[in-house]
Amino acid sequence: MSSPAAANITSVLKETRTFPPPADFAAKAHIKSQAEYEAMWQRAHDDPEGFWAEQAASLSWFKKWDKVHEWNEPFAKWFLGGKINVCYNCVDRHAEGARRNKPAILWEGEPGDTRVLTYADLHREVRKFANVLKDQGLKPGDRVTIYMPLIPEAAVAMLACARIGVTHSVIFGGFSDTAVADRNNDAQARMVITADGGWRRGKVVPLKHNVDAALDKSPTVEKCIVFNRCNQPVAMKAGRDLWWHELMATASEQCPAAELDSEHPLYILYTSGSTGKPKGVLHTTAGYLLGVSCTHRWVFDLREEDVFWCTADIGWVTGHSYSVYGPLCNGATTVMYEGAPDTPQKDRFWAIVEKYKVNTFYTAPTAIRAFLKWGNEWPQKRDLSSLRLLGTVGEPINPEAWMWYHEVIGGGRCPIVDTWWQTETGMILIAPLPGAIATKPGSATRPLPGVVADIVDKQGRSLPANQGGLLVIRKPWPAMLRTIFGDDERFKQQYWLQVPHVYFTADGSRRDDDGYFWIMGRVDDVLNVAGHRLSTMEVESALVHHPKVAEAAVVGKPDEIKGEGIACFVTLRAGNTPTEELKKELIQHVAKEIGALARPDEIRFTEALPKTRSGKIMRRLLRDIASGRQTTGDTTTLEDYSILAKLREEEE
Ligand code: WT7
């Protein structure tokens, strides 16, 4: 668990470039000026219930709420007494209206097969699949695991659950059978929905095979529904395993959306945190839907004709909130792509942007740094002129990567929305409104309307501008997690007791003189060098600023004199060779950029960095390597085990 014991963090990042919203962008935007944003933020601050009630009019309700909000710290309820259905809001109301034949999902498989589901198509599929679930005896409140590739059926399965009040738990297809079993057991899932496999870098990920192994260890699971994606031979266990297409062939299209309470549990999503047992973050119905639909509209400045592509897998919260629930609730067109960004070639994402004329593109810094490493030739082969807005999420983005994204992908004309949020927050909390807020490379800028963020010390006292501290949220917001499934105590401990009476994010941040937030990463990752608490992210940014560096990870290692020394793991841009000279040059470079206090003690070149399956660098593992320790902690979230072995070899 993160300890906010020492809260102050010295911030050394000096980034002064600003990019005002382009005038033509601002003129057409939903929120057109900083003054308009500020008025909206103030209104939400002064009367949150009035503000959110007004927003909630954009949703379709079976029965209006009696009370907007109830706060029994740390347990929140929103729209009490209201009756609503997420699937109805995301599908039926569009299919029954003017958007009937508008594409809801534009999908492309890795091998190049494509599908378009209009809202009418989606409506038919979700009703039929909801009936399939009912026929299997599922009832409101039951839990179902979804372990699927990124295919339209994954969204259909989620929406069908939502339609009948079944709580889904989506597990990313890259997780192992043990991870699936642990999550099945924690959620006491009655069913697993999966596929024979999914395509990834030209190979089939054997999902059903993994499920078979998981189900040997998952006593609560009674049934398993299997979608045939890859025509892989799979074992079907009689009485337990059922084919999706066989069940759908006879399923009725009549299935009314259940009238559910506002606080009905919509989904559980497991998040690992940096250590320990995964936490089942619980999101509920009305507040979550309202949060994701409003933020999707504001932050991506949504228009009717947009083609919106969030590249995240459906197994992450980003996929839940901004591939499925946010865009569909808003009647938008959402793009989904099954496979890897470098299959068959390193321009696959740009080929998709070109083909579907994507105009809003939302991805992660880890992907952006990979593109930057691969070189400009790949995006330059494709027509990216349809793009009008770019987004990023998942980690602090180094100013260098931000500038590359802006220039090479955005052609210098697209605003970039750097969106800070978490699995737990459900919706984006800090991000620029692209027509209203000038951006600064590396800053998530300002809190959205309805969000009261602050930077504090461990007692919860606000810190002045330019002082690094703990990022907290002072007031509840509609899409916030309600608890950790089955563990209210852990929920309190993790988020509400470390800093009194506020939501503790576990991130470090500072605010500049303009009130902009600069996220410095997890407090766990802070270095303590000769009494200075430095953010690893800022040292990494300095390294990435060097023209030969593609990506860097910085960790502390024990140092008798300084407390902690600075160890840097560096990957180089295509075409550069690792040499001792270059090591010296990089050490000098950091000392010059930041100051002698941040002079690296050691540089190690590596082909790749160990990352979680969602793309975050696992600094904990690098700390073990840098200090010559055995790796003891949990490594089940590691994306590629071979990287650890390689890093250890490189050491010898
Ligand atoms: C953590 C949450 C939110 C969806 C994906 C990740 C880091 C996220 C940013 C950003 C700096 C960011 C934080 C946060 N993070 N977005 N724009 N700038 N850091 O969800 O796995 O729950 O991770 O990701 O450290 O706490 P998650």
Side-chain angles (χ1 to χ4, degrees), residues 2 4 9 11 13 15 170 172 268-274 278-281 283 291-292 295-296 299 310-326 362-369 390-399 401-402 405 416-432 439-448 451 453 468 470-473 479-481 484 494-495 503-510 516-526 535-538 540-541 611-620 637 639:
S2 330
I9 308 167
S11 176
L13 184 77
E15 176 55 62
V170 182
F172 175 54
I268 299 168
L269 188 56
Y270 287 89
T271 174
S272 57
S274 36
K279 303 185 281 258
V281 168
H283 284 294
V292 298
T295 52
H296 177 253
V299 175
C310 162
T311 68
D313 190 90
I314 224 151
W316 313 121
V317 74
T318 313
H320 284 59
S321 297
Y322 299 106
S323 287
V324 179
Y325 291 121
Y362 187 32
T363 197
T366 181
I368 297 168
R369 290 189 301 261
L390 302 174
T392 147
V393 60
E395 276 181 289
I397 180 163
N398 326 97
W402 194 103
Y405 196 31
I416 295 180
V417 289
D418 176 353
T419 65
W420 179 88
W421 58 297
Q422 306 177 304
T423 304
E424 293 86 341
T425 70
M427 68 188 212
I428 299 170
L429 294 191
I430 305 179
T439 54
K440 305 185 188 186
S443 171
T445 78
R446 302 181 56 178
L448 296 183
V451 176
L470 310 171
L471 176 63
V472 299
I473 312 297
M480 66 194 281
L481 80 164
I484 291 176
Q494 177 77 38
Y495 305 106
Y503 172 80
F504 174 58
T505 67
D507 280 347
S509 180
R510 90 183 149 94
Y516 279 46
F517 286 75
W518 297 78
I519 312 294
M520 300 193 284
R522 312 298 286 182
V523 190
D524 296 343
D525 290 335
V526 166
S535 137
T536 53
M537 177 264 165
E538 297 191 336
E540 288 159 8
S541 280
K611 293 187 181 171
T612 63
R613 292 167 187 275
S614 58
K616 288 188 174 47
I617 297 168
M618 292 182 80
R619 293 188 184 74
R620 176 167 56 86
T637 54
E639 203 230 340

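Order of appearance sets the numbers: ligands from 1, and atoms from 1 within every ligand.
Counting protein heavy atoms only, atom 2 (C) of ligand 1 is closest to W421 O, 3.6 Å. In terms of protein heavy-atom proximity, atom 6 (C) of ligand 1 is closest to K616 NZ, 3.4 Å. Taking atom 25 (O) of ligand 1 as the reference point, the nearest protein heavy-atom neighbour is D507 OD1, 2.8 Å.
You'll find the ring centres of F172 and W316 inside the 6.0 Å limit. Checked against a 6.0 Å centroid threshold, the rings of F504 and Y495 do not count as neighbours.
Atom OG of S535 is separated from atom CG of D525 by 8.5 Å, given to the nearest 0.5 angstrom.
The closest approach between a heavy atom of W420 and any atom of ligand 1 is below 4.0 Å. Not a single heavy atom of M537 sits under 4.0 Å from any atom of ligand 1. Contact analysis leaves G521 out of contact with ligand 1, as no non-hydrogen atom separation drops below 4.0 angstrom.
Taking a cut-off of under 4.0 Å to the non-hydrogen atoms of T419, the atoms of ligand 1 that pass are 9 (C), 10 (C), 16 (N), 17 (N). Within the listing of ligand 1, atoms 10 (C), 17 (N), 18 (N) sit less than 4.0 angstrom from a heavy atom of D418. If you number the atoms of ligand 1 from 1 as listed, the ones under 4.0 Å from a heavy atom of V393 come out as 3 (C), 4 (C), 5 (C), 16 (N). Heavy-atom proximity to V317, at under 4.0 Å, picks out these atoms of ligand 1: 4 (C). Interface atoms of ligand 1 facing T423, defined by a heavy-atom separation under 4.0 Å, are 20 (O), 21 (O), 22 (O), 27 (P). If you number the atoms of ligand 1 from 1 as listed, the ones under 4.0 Å from a heavy atom of T318 come out as 4 (C), 5 (C).
In the candidate list A431, A444, G394, G394 is nearest to atom 7 (C) of ligand 1, counting heavy atoms.
Checking only distances, T271 never comes within under 3.5 Å of ligand 1, N or O to N or O. Close N/O approach between P396 and ligand 1 is found [any backbone or side-chain N/O within under 3.5 Å]. Close N/O approach between R522 and ligand 1 is found [any backbone or side-chain N/O within under 3.5 Å]. No N or O atom of I397 sits closer than 3.5 Å to an N or O atom of ligand 1. Residue contacts with ligand 1: T505 is placed with no nitrogen or oxygen under 3.5 Å of a nitrogen or oxygen of the ligand (distance criterion only).
Between the side chain of S443 and the main chain of Y516, no donor-acceptor pair closer than 3.5 Å is present.
T505 pairs with exactly one of I473, I430, V472, I519 by the side chain to side chain contact (heavy atoms under 4.5 Å, CB included) rule, that one being I473.
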Exercise for the section: Starting from the C-alpha separation in whole Å, work towards a yes-or-no answer on side-chain hydrogen bond (donor to acceptor under 3.5 Å, both in side chains) for T445 and K440. Expected result: CA-CA 7 Å; T445 78; K440 305 185 188 186; over 6 Å; no
Exercise for the section: Under the side-chain hydrogen bond (donor to acceptor under 3.5 Å, both in side chains) rule, what do Y362 and T318 come out as? Steps first, then yes or no, please. Expected result: CA-CA 10 Å; Y362 187 32; T318 313; 5.6 Å; no
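Counting heavy atoms from C-beta on, the side chains of D507 and V523 never come closer than 4.5 Å. H283 places a side-chain heavy atom less than 4.5 Å from the side chain of L481. Side-chain atoms of E15 and W518, non-hydrogen and from C-beta on, do get closer than 4.5 Å to each other.
Of all heavy-atom pairs spanning S321 and G426, the tightest one is OG-O, 2.7 Å. Of all the heavy atoms in P399 and P441, the pair that sits closest is CG-O, 3.7 Å.
Using a 4.0 Å cut-off between heavy atoms, E395 contacts ligand 1 through its backbone alone, with no side-chain atom that close.
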